[in-house]
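What follows is a short report on a single structure.
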Amino acid sequence: MLAKYDLVEQAEGGRGREKPWRATAQFTDWPEYSEDSAVIDASAALNVALAENYFAKMTRALEQRAALPRVWQQAEQYGDVSLYLTADELAELGDQITELLRPYAERLQVPASRPVDARLVSFLRVAFVRHAEAGGGGASRTTGEAAGDACHEEPQVRDGAV
């Protein structure tokens with residue numbers, strides 16, 4: 001189905017009945033918002049499939065982490081932070097992160113611009129409204145007031161990063 005819409009093409013290799021595929025574009029996007037329920041459902045399904053795919057990749061990376069040189073193990077980042085933000089602030093934060101990543105993202109198209117010791121790294125950006133607090137408006141709650149929210153943590157600084 002993806003090939004029908006030119007999103008993938010058959011790649012070299014594969015054995016027997018195995019047919020490897022590769023994306024035809026570096027980035028694929030779809031509507032973040034729509035009034036059309038079919039688009040909403042399709043977008044949600046794509047987002048869930050993408051999240052599951054990245055979770056599987058991250059799990060494999062964690063399982064194989066011990067095989068990395070120490071410098072790479074220390075450079076990898078796994079963590080999260082809970083923030084109270086407005087929709088505008090969240091959008092602005094996303095724009096700022098995009099700008100920070102831009103010089104590195106350009107290396108994907110220009111192999112000669114990559115440092116010799118560079119490796120391909122997945123940098124995941126995920127920010128979502130926590131539904132337990134979604135209806136809370138601007139009210140602030142302390143950790144003890146976040147009933148049923150076992151993952152709620154106040155921002156903490158570790159090695160200069162939040």
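Every value quoted in this text rests on a predicted model; they were computed, and no experiment measured them. Heavy-atom basis, side chains included; hydrogens, waters and symmetry copies ignored.
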Report yes or no: do [X] and [Y] belong to one cluster of Ile/Leu/Val/Met/Phe/Trp/Tyr joined by side chain heavy-atom distances under 4.5 Å?
| X | Y | value |
| --- | --- | --- |
| Trp30 | Val39 | no |
| Leu100 | Leu90 | no |
| Leu62 | Leu124 | no |
| Leu85 | Ile97 | yes |

Indicate the atoms forming the closest heavy-atom contact of [X] with [Y], along with that distance.
| X | Y | answer |
| --- | --- | --- |
| Phe128 | Val126 | CD2-CG1, 3.6 Å |
| Arg114 | Ala118 | CB-CB, 4.5 Å |
| Ile40 | Ser34 | CD1-O, 3.2 Å |

Tell me, please, which residues at least two apart from Pro69 pass side chain to side chain contact (heavy atoms under 4.5 Å, CB included).
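Applying side chain to side chain contact (heavy atoms under 4.5 Å, CB included) to Pro69 gives Val71, Trp72, Arg119.
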
Using the side chain to side chain contact (heavy atoms under 4.5 Å, CB included) criterion, which residues pair with Asp41? Sequence neighbours excluded.
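None.
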
With sequence neighbours excluded, give me every salt bridge (charged side-chain N to carboxylate O under 4.0 Å, His left out) pair touching residues 96-112.
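Non-adjacent pairs meeting salt bridge (charged side-chain N to carboxylate O under 4.0 Å, His left out): Glu99-Arg102.
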
Atom CD of Gln74 and atom CG of Leu68: how far apart are they, to the nearest 0.5 Å?
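Reported to 0.5 Å precision, the distance equals 11.5 Å.
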
At what distance, to the nearest 0.5 angstrom, does CD of Glu9 lie from CH2 of Trp21?
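The CD atom of Glu9 sits 9.5 Å away from the CH2 atom of Trp21.
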
Step by step, would you call Tyr104 with Val121 a side chain to side chain contact (heavy atoms under 4.5 Å, CB included)?
CA-CA 10 Å; Tyr104 307 103; Val121 172; over 6 Å; no

In sequence, state the C-alpha distance, the side-chain angles, and the governing distance for Leu101 and Arg125, and then conclude on side chain to side chain contact (heavy atoms under 4.5 Å, CB included).
CA-CA 11 Å; Leu101 296 176; Arg125 292 174 38 191; 3.9 Å; yes

Could you check Asn53 against Lys57 for side chain to side chain contact (heavy atoms under 4.5 Å, CB included), going step by step and ending with a plain yes or no?
CA-CA 6 Å; Asn53 182 287; Lys57 288 179 180 181; 3.1 Å; yes

Using a 3.5 Å distance criterion without hydrogens, assess whether the side chain of Asn47 forms a donor-acceptor pair with backbone atoms of Ser43.
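Yes: the side chain of Asn47 pairs with the backbone of Ser43.
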
